[in-house]
There are 2 protein chains.
Amino acid sequence: MARRAGVNPATASRALNPALPGRISAPTERRVREAARALGYRPDPVARSLRTRRSGFVGVVVPDLTNPVIPPIVRGIEGVLWTAGIACLLADTDNDPEREALLVDELLARRCEGLIVSTATRTSETVNALAGSEVPTVLVTRDVDTRSLPLVAGDDAAGVDAAIAHLAGLGHRRIAHVTGPRNLSTTITRLRAFEGAVQRLGLNAFGLVVHGDAFTAGAGRRAAAQLLSRDDRFTAILAGNDLIALGCLEALAASGLRCPEDVSLVGHNDTPMVASLRPPLTTVAIPQRRIGVQAASMLVRRLDGEESPNNERLLLPTELIVRGSTAPPRVTAPN
Amino acid sequence: MARRAGVNPATASRALNPALPGRISAPTERRVREAARALGYRPDPVARSLRTRRSGFVGVVVPDLTNPVIPPIVRGIEGVLWTAGIACLLADTDNDPEREALLVDELLARRCEGLIVSTATRTSETVNALAGSEVPTVLVTRDVDTRSLPLVAGDDAAGVDAAIAHLAGLGHRRIAHVTGPRNLSTTITRLRAFEGAVQRLGLNAFGLVVHGDAFTAGAGRRAAAQLLSRDDRFTAILAGNDLIALGCLEALAASGLRCPEDVSLVGHNDTPMVASLRPPLTTVAIPQRRIGVQAASMLVRRLDGEESPNNERLLLPTELIVRGSTAPPRVTAPN
DNA sequence: TTGAAAGCGCTAACAA
DNA sequence: TTGTTAGCGCTTTCAA
């Protein structure tokens, strides 16, 4: 290879890898580099991996690439990692714990150096097992109950606080919450924040929390319909995310209720196009790309040997985007 | 390793790889497999790669994961490939030809066995170069002008045909087309189909084609505004994609025109949430996931050595989804 | 500062 | 049917 062009066997290796032990004389290094360029030489990453036991890539495990929150995060991750000379092996679990186990196993077998995981559920055994393993892992967006791994996410609690404060400021006293699926940490975080804010503001949400069984419009529609069928009155809904909010909107319309005149509505995530719904959706925006960037950076630091506690948590600021779906309540509760 | 547990050195390899030459006796195979299981043995993929010159992964190059057409395609790809024991290295070019060149180079250096590419532009030199390379490549959704590589995509032309036929059937005679960026094959395919359909139906679209400079709502808004500022009258718009359609909707509203009463509107792709716009958008749905599945399957066949011409093209059926944004024109053109 | 030699874990060829 | 030997392309001791 390049050696033939130069003169030496594996001195070339040292010449091309300045980080390696053993100083190289300037002229030698120049000769090697020239030869390498002339022959279009690229070191074989596979052979290098075999020797160094480092693969040069990390696994990125996502619950569902089709969930609009995920792609910007992956882009953030991917950009940082390529810059660091690391490639991303992508694995989509389809929100299925079994598939998650399978894919993580496969990823580890392929010797990925690290993992960035948005887990399928908050009780994932697969993810918990990672906490004890050798391979550095960072969670994004979705946490596990054990909190046994570092996490980068949006500060959903602050976003929910802002949302409830906004609604309360408009005069709402009876605010309902249609959550996402209970097996996700994001659902729990938002629910706890909702409960906290309600209590802090002296509101009362008894009978006004209902759980959606998925982050979909259909689940939102069903849950909201259930809410509307009860006797409890409310003038606003905090939805677990934007798709659930969309479902709520549909359920309200189906009940002949108008948004925001009869019921105000707040979503979560600021998904594409929610600004173009009728009414435009008030929602909590999370810095998706930055979450990805920070998660990847955190992983890179760990790969570089920086010691950090596994309970490291980075919550990036969220922002309440006020649009047309929230307004003061009418004097008498309508439903 | 497993050898110590069994008895033999590399017979184990044959035992675990039924495809390899050299028959193995049933008892031996059983012994080996038991030992492997007992010791939790997993063959090292890196060492195997070094020996076999196969890396076990392919590169997936996408223009922008944030473009809602892409994720379902990637999911389709990813599912098929994992099933085939192949991992996906993800690379997002951000629609930038330079970055595309960089990433493909990096991917090739890492010895991926094949590539699935949705290119940044229809004139991509990077992609054209792939046509002459050793590594099997399949294009998805976006073609290059040279047509030098196999392609799997939706049958956009048929979708556009159906859309124009639908509009003409409603009575529209003057139909405008707000295209996407001209450096994408999808734009050209849809434009050609538009022109063909217009001509075939004896319509006239002189002065009614305007180019958006990106697949964004902003580009659609600007292009539609430009269209509206002209003297040419029209009663319907075919948009290059749904985001452009959204921009058109905004431009119409800004001009005091109603959709569909004053101007009908058709999008492309059936992006999430367009059914919830006001009015719900009539659009051409493309089988995104199936496109991914078929592209991956095609690549796997090629990796397995099946010889196929590089001009293989698989166009999967599209479907016009009629919603509320299209209606018969009023008797007199309004704008 | 450089060269020589060994070996990462596996599989391909050849021999038994 | 199985064992032996060699070697994929690199990096890493160890010696010079």
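Just so it is clear, the values below take in all heavy atoms, side chains as well, and ignore hydrogens, waters and symmetry mates.
- For Glu29(A) and dT2(C), the CD to P distance is 10 Å, given to the nearest whole Å.
- Between the side chain of Arg14(A) and the base of dG3(C), a donor-acceptor pair under 3.5 Å is found.
- The distance between atom CG of Leu16(A) and atom P of dT11(D), rounded to the nearest whole Å, is 8 Å.
- For Arg53(B) and Asp44(A), the salt-bridge test passes: some basic side-chain N is under 4.0 Å from an acidic carboxylate O.
- One can place CZ of Arg54(B) at 18 Å from P of dC10(C), the figure rounded to the nearest angstrom.
- In the displayed structure, Arg33(B) atom CZ is contacted under 6.0 Å by more than 12 heavy atoms of other residues, nucleotides or ligands.
- Without hydrogens or angle criteria, Ser148(A) side chain to Asn128(A) main chain gives no donor-acceptor distance under 3.5 Å.
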Return the polar atom pairs (N/O with N/O) between nucleotides 6-8 of chain D and the protein under 3.5 Å, or none.
from   : atom 1 : to       : atom 2 : distance (Å)
dG7(D) : N2     : Arg51(B) : NH1    : 3.3
dC8(D) : O3'    : Arg53(B) : NH1    : 3.3

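- Here Ser49(A) does not reach the OP1 or OP2 of dC8(C): none of its side-chain N or O atoms lies under 4.0 Å away.
- For Ser13(B), whose side chain is taken as the heavy atoms from C-beta onward, the closest listed nucleotide among dT2(D), dT11(C), dT12(D) is dT11(C).
- Contacts of Pro43(B) with the nucleic acid, taken as non-hydrogen atoms under 4.0 Å apart, involve only primed sugar atoms and P, OP1 or OP2.
- The backbone N or O of Asp94(B) lies less than 3.5 Å from a partner atom in the side chain of Asp92(B), making a donor-acceptor pair.
- A salt bridge does not link Arg99(A) with Glu106(A): every distance from a Lys NZ or Arg NE/NH1/NH2 to an Asp or Glu carboxylate oxygen is 4.0 Å or more.
- Ion pairing between a basic and an acidic side chain is recognised when a charged N comes within 4.0 Å of a carboxylate O; Glu312(B) and Arg302(B) show such pairing.
- Distances shorter than 4.0 Å separate some side-chain N or O of Thr11(B) from OP1 or OP2 on dG3(D).
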